Number of protein chains: 2
Amino acid sequence: MPVESQTARDLIHSVFDLQRVLRCLVQERRSGDLGAAEAGVLRVIGEFGGRAVDLAEKLNVTAPVLSRQINELQERGLVARRPDPEDRRAQLLELTESGRAKLAEVEDARIAVLLEMLAGWEQSDAASCTDSIRRLTDTIRQAAHKPAVALATDHEQKENALAAR
Amino acid sequence: MPVESQTARDLIHSVFDLQRVLRCLVQERRSGDLGAAEAGVLRVIGEFGGRAVDLAEKLNVTAPVLSRQINELQERGLVARRPDPEDRRAQLLELTESGRAKLAEVEDARIAVLLEMLAGWEQSDAASCTDSIRRLTDTIRQAAHKPAVALATDHEQKENALAAR
DNA sequence: TATTGTTATACTCTATAACTATA
DNA sequence: TATAGTTATAGAGTATAACAATA
């Protein structure tokens with residue numbers, strides 16, 4: 001059976017509500033004087049590394065945003081830039097030793113807090129919750145990457161496509 | 001079995017990833033020149049109404065933030081303030097007719113987009129995803145409202161509590 | 001011409017602090 | 001004294017536009 005309209009509404013509201021309660025946490029836990037956004041950058045560099053343009057896509061931010069965040073992280077000695085030998089426009093990003101330590105510190109602190117919150121949960125509950133959220137994220141990401149005309153998401157491109165005929 | 005450390009880590013990352021893909025949507029769909037935050041305010045006023053202080057708690061924002069958002073919505077004729085007969089400091093909030101229409105418009109647009117994205121989903125998948133997210137949200141909200149000492153979330157209050165002995 | 005990355009600027013959303021009015 | 005709400009100011013995070021260097 002396809003998704004009902006009311007269920008879609010409930011899902012939207014549940015996601016928005018989740019974002020609102022998360023704000024409180026992110027606010028309080030400025031993990032070691034590191035902003036939440038910068039922590040995210042640190043994570044993807046640690047996990048993937050490589051060119052900024054690819055990381056920006058993974059992070060769903062525009063290039064200027066990532067550029068400035070990397071700058072900040074580099075100034076703190078957490079991230080190293082080195083030229084891409086295959087493309088002199090590009091740069092390859094990686095964590096420094098200090099960056100790896102900071103990332104581990106931030107992650108561990110977050111895990112500790114969440115584990116305490118999830119004291120009443122079963123392992124299987126948490127795992128299936130993660131699966132649900134991942135699946136939703138993947139679905140949204142795929143839909144967002146579809147040719148815009150196929151989706152009512154982007155009015156402008158839709159109109160452009162119509163106008164182009 | 002209690003939640004494993006690795007599962008907690010995965011859950012955190014899945015939530016952060018979800019937030020990042022959502023940003024793209026919220027960005028593109030400035031639902032009828034209404035910001036995402038204002039749309040949220042409109043929703044809770046429509047759903048609960050009443051005093052600003054109570055709505056601020058539901059929305060997880062501070063009073064000044066809500067005050068300004070309500071101001072904006074009132075100027076657009078979407079929200080009405082009236083004095084609370086039982087407490088002359090307070091005000092009771094409600095949607096205008098125009099506000100109800102705008103809220104319905106925003107919600108319907110969002111639902112339409114999400115339904116298209118969830119074309120490959122079963123009703124039961126969406127419902128259980130909603131349940132998972134709601135449960136997570138409730139758990140976080142409860143933990144955040146606990147006496148701060150019980151949770152490692154707030155260092156300052158923890159230290160204050162220790163210092164008070 | 002297109003792509004990688006940077007700088008400058010502006011916008012959204014939120015918080016803290018200081019205040020007024022009422023309880 | 002404490003609470004409801006407002007105003008002023010600041011900060012985090014992001015986007016768009018204009019640019020430089022390289023492909």
Side-chain angles (χ1 to χ4, degrees), chain A residues 16 19-42 44-45 50-75 79 81-93 144 154 156, chain B residues 16 19-42 45 49-75 79 81-93 144 154 156:
Chain A
F16 284 5
Q19 288 194 286
R20 286 188 179 273
V21 303
L22 284 171
R23 238 212 339 269
C24 299
L25 293 188
V26 170
Q27 175 75 10
E28 293 184 22
R29 337 205 67 263
R30 303 251 323 138
S31 326
D33 73 342
L34 199 67
E38 287 165 342
V41 174
L42 215 55
V44 294
I45 293 179
R51 309 187 333 164
V53 66
D54 297 327
L55 297 179
E57 192 188 347
K58 285 188 213 301
L59 288 165
N60 283 291
V61 290
T62 55
V65 169
L66 183 57
S67 177
R68 226 165 43 86
Q69 287 166 334
I70 290 173
N71 231 26
E72 177 70 21
L73 293 170
Q74 186 184 24
E75 278 171 16
V79 165
R81 288 167 154 129
R82 62 186 177 85
D84 183 343
E86 298 181 355
D87 183 343
R88 290 194 319 200
R89 294 171 304 180
Q91 62 192 358
L92 299 180
L93 299 163
D154 194 334
E156 286 182 28
Chain B
F16 284 5
Q19 288 194 286
R20 286 187 178 273
V21 302
L22 284 172
R23 237 208 344 266
C24 299
L25 293 189
V26 170
Q27 173 76 8
E28 294 184 21
R29 337 206 67 264
R30 303 253 320 140
S31 323
D33 73 342
L34 200 67
E38 288 165 342
V41 173
L42 215 55
I45 294 180
R51 308 188 331 163
V53 67
D54 297 327
L55 297 178
E57 193 188 346
K58 284 187 213 301
L59 287 165
N60 284 291
V61 290
T62 55
V65 169
L66 183 57
S67 177
R68 225 165 45 84
Q69 287 166 334
I70 289 173
N71 231 25
E72 177 71 19
L73 292 171
Q74 186 184 23
E75 279 171 16
V79 166
R81 290 167 154 129
R82 62 186 177 84
D84 183 343
E86 297 180 356
D87 184 343
R88 288 194 320 201
R89 295 171 302 181
Q91 62 192 0
L92 300 179
L93 299 164
D154 195 334
E156 286 182 24

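What you see is a predicted model, and the numbers here were worked out from it, not measured in a lab. In what follows, every chain begins at residue 1, and chains take the letters A, B, ... in the order their sequences are listed.
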Next item on the list: May I have the distance from Gln19(B) (atom CD) to dC13(C) (atom P), rounded to whole angstrom?
Entry: 15 Å
Margin query: By nearest atom, which of the nucleotides dT14(C), dG13(D), dA15(D) is closest to the Val61(A) side chain?
Written below: dA15(D)
Margin query: Base contacts versus sugar-phosphate-only contacts with protein, heavy atoms under 4.0 Å: please encode nucleotides 1-8 of chain C as B, S and - from 5' to 3'.
Written below: -BBSSBBB
Note to self: Arg88(A): which residues meet the salt bridge (charged side-chain N to carboxylate O under 4.0 Å, His left out) condition with it, sequence neighbours left out?
What the structure shows: none
Next item on the list: Send over the distance from Leu22(B) CG to dT12(C) C1', rounded to a whole Å.
Entry: 16 Å
Note to self: Distance check needed: dA12(D) C1' versus Glu72(A) CD, whole Å only.
What the structure shows: 12 Å
Next item on the list: Provide, to the nearest angstrom, the distance between the CG atom belonging to Leu59(B) and the C1' atom belonging to dC13(C).
Entry: 13 Å
Next item on the list: Specify the closest pair of heavy atoms between Val41(A) and Gln69(A), including all atoms of both residues, with the distance to one decimal.
Entry: CG2-OE1, 3.4 Å
Notebook entry, point to check: For the pair made of CD1 in Ile45(B) and C1' in dG5(D), what is the distance, rounded to whole Å?
Noted result: 14 Å
Note to self: How bent is the helix from dT1(C)-dA23(D) to dA23(C)-dT1(D), measuring the angle between the end axes built from five pairs each, rounded to 10°?
What the structure shows: 0°
Next item on the list: Report the distance from atom CD of Glu38(B) to atom C1' of dT14(C), rounded to the nearest whole Å.
Entry: 13 Å
Next item on the list: Could you tell me which residues satisfy side chain to side chain donor-acceptor pair (under 3.5 Å) with Gln91(A), sequence neighbours excluded, listed by chain and number?
Entry: Arg81(A)
Notebook entry, point to check: With Glu72(B), which residues qualify under side chain to side chain contact (heavy atoms under 4.5 Å, CB included), at least two apart?
Noted result: Glu38(B), Glu75(B), Arg76(B)
Notebook entry, point to check: So, for Leu55(B) and Gly50(B), which heavy atoms are closest and what is the spacing to 0.1 Å?
Noted result: CD1-O, 4.3 Å
Check: Donor-acceptor pair, Arg51(B) side chain versus Ala90(B) backbone, under 3.5 Å?
Finding: no
Check: To the nearest Å, how far apart are Leu34(A) CG and dG13(D) P?
Finding: 9 Å
Notebook entry, point to check: Counting distance only, does the side-chain N/O of Arg82(A) pair as donor-acceptor with the main-chain N or O of Leu92(A) below 3.5 Å?
Noted result: no
Check: Has Arg23(B) got a side-chain N or O lying under 4.0 Å from the OP1 or OP2 atom of dT14(D)?
Finding: yes
Notebook entry, point to check: When rounded to the nearest 0.5 angstrom, what is the spacing between CD in Gln19(A) and CG in Asn60(B)?
Noted result: 12.0 Å
Check: Are OP1 or OP2 of dT14(D) and a side-chain N or O of Gln69(A) less than 4.0 angstrom apart?
Finding: yes
Next item on the list: Could I get the full list of salt bridge (charged side-chain N to carboxylate O under 4.0 Å, His left out) partners for Asp84(B), not counting sequence neighbours?
Entry: none
Check: What's the CG-C1' distance between Asp84(B) and dA21(C), to the nearest Å?
Finding: 14 Å
Next item on the list: Return no unless some side-chain N or O of Arg88(B) is found under 4.0 Å from OP1 or OP2 of dA4(D).
Entry: no
